[in-house]
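This report concerns only the one structure given below.
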Amino acid sequence: MKDAFTQRGLDVDALLAEAGVDLSQAEELDLAELTDGFSRAWEIAVAKTGDPAIGLTVPTHPLNSLGVLSHVVLSAPTVQHALASLSRFTHLVSPTATIDLHTENGRSFLTLSIASGRRPVPSQRYDFYCTVLLHGIRWVTGREVRPIAFQHPGPEPADAHRWAEAFGCPVQFNAPLCQVEINTADLALPIPTADQTVADLCERIATQIAEQQGGSVSIRVRQALMKHLSKGDPRRETMASMLCMSERTLQRRLTEEGTSFAELVDEVRRELAQRYFQHSDCSPTEITFALGFSDPSNFYRACKRWFGRSPSTMRCTN
């Protein structure tokens with residue numbers, strides 16, 4: 001983002017300050033606040049340049065901001081391996097976005113999700129992420145890779161041909177999600193800098209960093225549930241949005257980790273119920289709503305299943 005703004009002659013620090021984004025405090029911000037700040041920055045950039053296509057600005061170096069992930073990408077044997085690794089670790093460099101690569105009926109799709117906050121996500125953020133991804137593929141392969149089609153969630157601009165020219169494929173605006181269809185054959189393209197030893201080392205480093213940050217999806221879901229259960233019965237689509245990924249991606253990632261959303265909700269509720277019974281004076285009704293149950297009878301049945309006893313009996317025993 002800073003690269004794109006600088007290329008257009010914008011004072012990046014001043015613009016981010018105007019948008020209320022303090023990158024030194026980014027880790028302490030709520031995800032909604034952070035994504036709203038970035039959205040506001042793009043809106044200001046559009047206003048200052050008068051160019052709604054600013055998100056199509058080609059990055060000086062598409063891998064420049066990836067850190068250790070740049071080595072993961074460069075050492076991967078093929079485009080598919082590189083994108084799969086990038087998909088796993090995107091949150092390390094971009095906490096407000098995730099990408100997902102999947103194949104369906106022989107067709108391959110790259111889906112981009114950007115965390116929603118209190119304000120709509122501007123089109124330019126989708127433009128720039130996809131521009132960086134596309135030019136990153138071209139840069140690491142040395143090939144003029146062009147997508148087959150681009151489904152864009154933003155409104156159709158007055159000069160839509162600029163987007164078709166930039167991506168080299170038909171662009172469908174007002175789509176339900178941001179999705180780029182990639183030629184499956186292009187996923188098999190080799191990366192000339194591939195090195196399996198380096199790839200294994202970088203994967204281990206990225207995995208360690210992810211673990212230190214609670215990077216597995218199941219851990220992130222558990223952490224989010226701990227914070228938000230009291231707000232009501234958790235829904236998978238809501239959780240997916242909070243973690244900045246599609247519902248399908250969330251389900252698939254959890255399956256890969258040997259669990260499911262329903263199992264995690266049940267586990268977290270059981271753990272919290274045990275804590276409430278042992279370390280608080282909350283009544284069964286209070287615990288019911290603290291765990292996000294909509295009806296005390298649902299908590300009663302869950303309690304009998306977990307502990308073999310009713311909430312009242314658990315309360316008295318503890």
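The first residue in the sequence is number 1, and the count goes up from there. Just so we're clear, the structure is a prediction, and the values are computed from it rather than from any experiment.
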Test item: [X] side-chain N/O and [Y] main-chain N/O as donor-acceptor pair under 3.5 Å:
X: Gln172; Y: Ala149; result: no
X: Gln124; Y: Pro52; result: yes
X: Arg40; Y: Val21; result: no
X: Ser85; Y: Ala82; result: no
X: Thr6; Y: Lys2; result: yes
X: Asp36; Y: Arg119; result: yes
X: Ser87; Y: Ile99; result: yes

Less than 4.5 Å apart, any side-chain heavy atom of [X] and any of [Y]?
X: Phe5; Y: Asp11; answer: no
X: Pro284; Y: Tyr300; answer: no
X: Glu156; Y: Val171; answer: no
X: Arg305; Y: Asp266; answer: yes
X: Asn298; Y: Asp233; answer: no

Determine whether the side chains of [X] and [Y] contain a donor N or O and an acceptor N or O closer than 3.5 Å.
X: Glu257; Y: Ser218; result: yes
X: Thr96; Y: Arg125; result: yes
X: Thr60; Y: Asp3; result: yes
X: Thr90; Y: Thr98; result: no

Which residues pass the side-chain contact (heavy atoms from CB on, under 4.5 Å) test with [X], sequence neighbours left out?
X: Thr197; value: Asp195
X: Glu237; value: Arg235, Glu247
X: Leu250; value: Val217, Val221, Arg236, Met239, Ala240, Leu243, Met245, Leu254

[atom1]-[atom2] distance between [X] and [Y], expressed to the nearest 0.5 angstrom:
X: Ile114; Y: Phe38; atom1: CD1; atom2: CZ; answer: 11.0 Å
X: Gln274; Y: Trp306; atom1: CD; atom2: CH2; answer: 10.5 Å
X: Glu43; Y: Leu15; atom1: CD; atom2: CG; answer: 11.0 Å

[X] vs [Y] aromatic rings, parallel, tilted or perpendicular, using cut-offs 30° and 60°?
X: Phe173; Y: Trp163; value: perpendicular
X: His61; Y: Trp139; value: tilted
X: Phe128; Y: Trp42; value: tilted
X: Phe307; Y: Phe277; value: perpendicular

Subject >> Basic-acidic side-chain contact under 4.0 Å: Arg138, Asp186 >> reply: no
Subject >> NZ/NE/NH1/NH2 to OD/OE distance under 4.0 Å, Asp51 and Arg162 >> reply: yes
**OP:** Dump the intermediate steps for side-chain contact (heavy atoms from CB on, under 4.5 Å) on Thr207 and Arg88, then the final yes or no.
**Re:** CA-CA 9 Å; Thr207 300; Arg88 288 177 55 205; 3.7 Å; yes
Original post:
Is Arg143 atom CZ crowded by more than 12 heavy atoms from other residues, nucleotides or ligands, each under 6.0 Å away?
Top reply: no
